[in-house]
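Report on the structure given below.
Everything quoted here is computed from the prediction, not taken from an experiment.
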Amino acid sequence: MRYIKYFTLTITLGFVFFSCDPCSNLDCRSDNYNGQFRIVSAADGKDLIFGPTKVYDKNQIKFYSIKGLDTTFFDYQTIKFPNTGYDSILHVRFFPKVDTAYMQLSNSDVDTLSITYNTIDSRCCGTITEINGFVLNNSTNIPGKGTQEIKK
């Protein structure tokens, strides 16, 4: 009789222990391949894409990468953030993941963006990848988080 009690207790404790999932209610971060940019004048800080001082046509701007003979264009959208002082922002999704992308503002103005990533291996959420930062034209470091100004 005592063995049946110990056996039942062992089975119950084993069931409780193995049925607990520490990851069950965890809200995992998702991959982040996004960059946000404002293109402004280096001389006076005025917006070069939006507003009365615009130089570039937002409909002609392209973000892309080249691998061999393949060109991949990245989706972007313009976003207006009220109460931030920003006129508008180019929000770009650099996916699929690439190390080098190009920002073509006009036929004669193409910039190189070298992209670095953070990769986080987590127990519950798998591998999470996010943009850590950009290097503009191999010389200017641009953080990967938040809206960044590119001065032209």
Minimal non-hydrogen separation, [X] against [Y], with atom names:
| X | Y | result |
| --- | --- | --- |
| Ala101 | Ile115 | CB-CD1, 4.1 Å |
| Arg93 | Phe74 | O-CB, 3.3 Å |
| Thr78 | Leu90 | CG2-CD2, 3.9 Å |
| Ser65 | Val98 | OG-CG1, 3.6 Å |
| Ile128 | Arg29 | CD1-O, 3.7 Å |
| Asn118 | Asn132 | ND2-OD1, 3.4 Å |

Worksheet entry | Check: Tyr33 ring centroid to Phe94 ring centroid under 6.0 Å |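 Ring centroids of Tyr33 and Phe94 are no less than 6.0 Å from each other.
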Worksheet item: Cut-off 3.5 Å, side chains only: do Asp44 and Ser41 have a donor facing an acceptor?
Response: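 Yes.
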Are [X] and [Y] packed together at the side-chain level, in the sense that at least one heavy-atom pair is separated by less than 4.5 angstrom?
| X | Y | result |
| --- | --- | --- |
| Gln148 | Phe134 | no |
| Phe37 | Ile49 | no |
| Thr72 | Lys67 | no |
| Asn32 | Lys145 | no |
| Leu113 | Tyr102 | no |

Worksheet item: For the side chain to side chain contact (heavy atoms under 4.5 Å, CB included) test, which of Asn137, Val135, Asp99, Asn141 pairs with Ser114?
Response: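 So, applying the side chain to side chain contact (heavy atoms under 4.5 Å, CB included) to Ser114 and each of Asn137, Val135, Asp99, Asn141, only Val135 qualifies.
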Worksheet item: In terms of SG positions, are Cys28 and Cys125 separated by less than 2.5 Å?
Response: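 Yes, because the SG atoms of Cys28 and Cys125 sit under 2.5 Å apart, which meets the disulfide cut-off.
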Do the side chains of [X] and [Y] join up, straight or via other hydrophobic residues, at under 4.5 Å, putting them in one cluster?
| X | Y | answer |
| --- | --- | --- |
| Leu136 | Phe63 | yes |
| Ile61 | Phe73 | no |
| Val55 | Tyr76 | yes |
| Tyr56 | Val92 | yes |

Worksheet item: Thinking salt bridges, do Lys152 and Asp111 make one under a 4.0 Å N-O criterion?
Response: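 Yes, this pair counts.
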